[in-house]
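Worksheet: one structure, shown below.
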Amino acid sequence: FRVNRGAPAGPHNTWTLVGLALAKDILQEPEKESLFRLYQEKLNPEIPLFLENFSKHPSRQLLMRGLLWSDRYEDARLIEESTLRDITRAGEFAESYNNGGPITPEGVVPSIFGVANIIDSCMWLNNVWLSEGFPMFIPQRTGGVSNMQVRGRLVNLQADESKVYISGETEGMALTGFTENENGTWERSFAPFEKIDPWE
């Protein structure tokens, strides 16, 4: 219910897409499919950020969580690339953005929301997903992130065409599913877009 308008918010607005992040035992399959239909209806590559009135960091990252856990990787890539591109075009780190025409900042400026959107997008496009807490590998291309602090240590997370690697201050770390090579780097093979959580 929107107090400022004195009317309920419509169920077919983009804000409902955050529901895709709900756990499977809460979000039943028919509800999930209806949200994906809404997502396809609202997705518009002709406008900045691809989704109207859907620019705040919490909303976009909840949508990303839903896309990733539903294995919708191409959709996730579109959302993160549009986030990185269009917030840069806006020229400000803002709470939200007006994307009805050329993208412009709205709300609080500067805001940590705009900064967090850029950070999360850069990480995802370099194979690292932060939303679940500790950094998780989701390999999709060659690349990675260096000097990331994990449990008080600086580590490097990298991927090539067939393996992911962890190096840096790894002594004493229990890295699930990885083996140490002769260079002191930890590695493991992966399937494309496999979700790898080495810190379990």
Side-chain angles (χ1 to χ4, degrees), residues 1-136 138 140 193 195:
F1 188 86
R2 295 189 180 276
V3 175
N4 61 334
R5 298 179 187 171
H12 303 297
N13 293 336
T14 50
W15 69 269
T16 59
L17 295 174
V18 300
L20 285 168
L22 291 171
K24 291 181 179 179
D25 58 342
I26 297 175
L27 187 66
Q28 301 301 309
E29 200 60 31
E31 299 163 334
K32 180 178 175 181
E33 288 306 313
S34 71
L35 285 172
F36 275 125
R37 284 196 301 274
L38 177 64
Y39 169 79
Q40 293 296 338
E41 291 170 9
K42 297 294 185 181
L43 189 68
N44 182 0
E46 300 301 316
I47 65 172
L49 300 175
F50 287 9
L51 290 165
E52 190 175 1
N53 299 321
F54 200 79
S55 62
K56 287 189 176 183
H57 175 261
S59 300
R60 291 183 80 81
Q61 293 310 310
L62 286 170
L63 171 61
M64 278 293 296
R65 188 178 194 272
L67 293 173
L68 289 174
W69 295 127
S70 300
D71 298 329
R72 304 281 290 255
Y73 299 112
E74 181 61 21
D75 287 311
R77 183 187 63 79
L78 287 174
I79 294 300
E80 293 293 46
E81 286 184 349
S82 69
T83 300
L84 186 58
R85 180 194 63 227
D86 293 324
I87 289 179
T88 302
R89 285 176 174 172
E92 293 282 0
F93 294 127
E95 177 187 7
S96 60
Y97 297 88
N98 183 329
N99 61 346
I103 189 166
T104 55
E106 281 191 332
V108 177
V109 180
S111 169
I112 194 68
F113 277 12
V115 176
N117 262 325
I118 290 289
I119 291 172
D120 282 347
S121 296
C122 285
M123 291 290 189
W124 156 250
L125 294 170
N126 284 282
N127 305 315
V128 177
W129 174 238
L130 296 178
S131 181
E132 299 300 313
F134 286 112
M136 179 182 294
I138 303 184
Q140 52 186 310
F193 294 104
K195 302 175 183 74

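All figures in this text were calculated on a predicted structure; none of them were measured in a lab.
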Donor-acceptor under 3.5 Å (Asp86 side chain, Pro48 main chain): no

Steps toward side-chain contact (heavy atoms from CB on, under 4.5 Å) verdict (Ser59, Leu17): CA-CA 8 Å; Ser59 300; Leu17 295 174; over 6 Å; no

Sequence neighbours excluded - salt bridge (charged side-chain N to carboxylate O under 4.0 Å, His left out) pairs with any residue from residues 95-110: Lys56-Glu95

Check: Asn99 side chain, Phe50 main-chain N or O, donor-acceptor pair, under 3.5 Å: no

Residue pairs, two or more places apart or on separate chains, that pass salt bridge (charged side-chain N to carboxylate O under 4.0 Å, His left out) and touch residues 107-118: none

Closest heavy-atom pair and its distance - Leu125, Glu81: CD2-CG, 3.8 Å

Side-chain heavy atoms of Arg89 within contact of Arg85, under 4.5 Å: yes

Side-chain heavy atoms of Arg60 within contact of Met64, under 4.5 Å: no

Verdict with reasoning, Glu29 to Glu33, per side-chain contact (heavy atoms from CB on, under 4.5 Å): CA-CA 6 Å; Glu29 200 60 31; Glu33 288 306 313; 3.3 Å; yes

Residue list, side-chain hydrogen bond (donor to acceptor under 3.5 Å, both in side chains) with Asp71, at least two apart or on another chain: Tyr73, Lys195

Side-chain donor/acceptor of Thr14 to backbone N/O of Glu52, under 3.5 Å: yes

Considering all heavy atoms, the nearest Gly66-Phe36 contact: O-CZ, 4.4 Å

Heavy-atom donor-acceptor pair, Ser82 side chain to Ile79 backbone, under 3.5 Å: yes

Derivation of the side-chain contact (heavy atoms from CB on, under 4.5 Å) call for Arg65 and Leu20: CA-CA 8 Å; Arg65 188 178 194 272; Leu20 285 168; over 6 Å; no

Non-neighbouring partners of Ser121 that pass side-chain hydrogen bond (donor to acceptor under 3.5 Å, both in side chains), sequence neighbours left out: Glu80

Residues Ile138, Trp124; criterion side-chain contact (heavy atoms from CB on, under 4.5 Å); working and verdict: CA-CA 8 Å; Ile138 303 184; Trp124 156 250; 3.8 Å; yes

Any residue meeting side-chain hydrogen bond (donor to acceptor under 3.5 Å, both in side chains) with Asp75, in chain and number order, not counting sequence neighbours: Tyr39, Arg72

For Glu74, all residues meeting side-chain hydrogen bond (donor to acceptor under 3.5 Å, both in side chains), sequence neighbours excluded: Arg77

